[in-house]
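No hydrogens, no waters, no symmetry mates; every other heavy atom, side chains included, goes into these values. These figures come from a predicted structure and were not determined experimentally. Residue indices begin at 1 and follow the sequence shown.
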Amino acid sequence: MLERLRNGIWRWRYPFAIGMAVLALLLRLLLDDYLSKVVFITFFPSLFVVAVLTDWRAAALHLLLGVLLIWYFVLPPAQSFAFERDTPATLLAFLAAGGFVIGLTAMLDTQRRKYAAAAQRADLLYRELRHRVGNILQLCSSLLRLRAQDLEPSQQQIVTDAATQLTVIQRLHDRIAGSEEMVALEAPLRELCEAVMRFAPGFNCALNCEGVTLPRNHLIPVALIVHELLNNAVEHGVDGKGAGNVTVEAKPEPANSGWRLSVTDDGPGLPAGFS
């Protein structure tokens, strides 16, 4: 917000500095009965505002203009540039204090700009790294699929499954990059279910995990487990019917002891005596 305000004022910084000096003088004259012994009290806040919202040049203009305005309108004899005994000391004190305010504000602004530039560079590097990691995962997945074509049919499925898992990781990586520490489980699992069902016509996947969150670094392992279970349900859980229903459910356990994840289908189940 401060940066937007600075950008809006920047073009008019010198008129803004002059206007703030005039405003400080008017306020000082208006309160003259109460502030007769505090000559520059209204100029310090306005000087600080100008220094923060503009630059040291506009602030210096405000400071010099404030000296002239106070000298002419406030210091006795009023409406003259006459020198009384205390006039030089009063003006020099204001110049010194105002110069200190301008110098301190300029130093803080320089540091702020350095930190802002460093933060912007760090954000740029992070986004570049995130983009490269996603590209590398996608490239590895494509290379595995390409190499699988040269393998025996019995080996192709193993390599293809590995490529698919890399694709899942790449999509989840893109989704959770830059997210909060805790991630809602529903959206990534819904995307995962839709991806699996796209290659399994005749199957339906119901998802029920609304309100469940987990740490960001747990999302990829959980998603890989769900992906494997979905593939198994599609391939084996319906007993060769070529169609069926799969349900993915995550619900909190009682007494805040965690949550339970289940993937079920409407197939016949395990055969008798299965080990």
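Annotation: the span from L69 atom CG to L25 atom CG amounts to 5.0 Å, rounded to 0.5 Å. The CD atom of E186 sits 10.5 Å away from atom SG of C193, with the distance rounded to the nearest 0.5 Å. Atom NE2 of H218 and atom CE of M182 lie 9.0 Å apart (nearest 0.5 Å). Atom CG of L31 sits about 9.0 Å away from atom CD1 of I41, to the nearest 0.5 Å. With values rounded to the nearest 0.5 angstrom, M197 atom CE is found 9.0 Å from L192 atom CG. The NE2 atom of H227 lies 13.5 Å from the CD1 atom of I220; values are rounded to the nearest 0.5 Å.
For the pair T213 and L185, the minimum side-chain heavy-atom distance is 4.5 Å or more. With a 4.5 Å cut-off on side-chain heavy atoms, F73 and R28 do not count as touching. Put simply, the side chain of N232 does not reach to within 4.5 Å of the side chain of V263, judged on heavy atoms. T247 is not listed as a side-chain neighbour of N208, based on a closest heavy-atom distance of 4.5 Å or more. Using a 4.5 Å cut-off on side-chain heavy atoms (C-beta onward), R57 and Y14 make contact. Between V248 and L261 there is a side-chain heavy-atom pair separated by less than 4.5 Å.
Using modelled atom types, one side-chain atom of T42 and one backbone atom of A24 make a donor-acceptor pair closer than 3.5 Å. Without hydrogens or angle criteria, W71 side chain to G66 main chain gives no donor-acceptor distance under 3.5 Å. Not one N or O on the side chain of D109 forms a donor-acceptor pair closer than 3.5 Å with the backbone of R112. R13 contributes a side-chain N or O that, together with a main-chain N or O of W10, makes up a donor-acceptor pair within less than 3.5 Å. Between the side chain of D266 and the backbone N or O of N245 there is at least one donor-acceptor pair closer than 3.5 Å.
The minimum heavy-atom distance between A17 and V50, with the atom names listed, is CB-CG1, 3.9 Å. For L68 against F81, the heavy-atom pair with the smallest separation is O-CE2, 3.7 Å. The nearest pair of heavy atoms linking L65 to A21 is CD2-CB, 3.7 Å. Scanning all heavy atoms of the two residues, the minimum distance from R6 to T54 falls at NH2-O, 3.5 Å. The two residues L47 and A59 have their closest heavy-atom pair at CD1-O, 3.4 Å. Among all heavy-atom pairs drawn from L219 and V183, the shortest one is CD2-CG1, 4.1 Å.
Between F94 and F40, the ring planes are parallel. Angles under 30° get that label, and only those over 60° would be called perpendicular.
Linking ILVMFWY residues whenever their side-chain heavy atoms come closer than 4.5 Å, directly or via other members, leaves L104 and F48 in distinct clusters.
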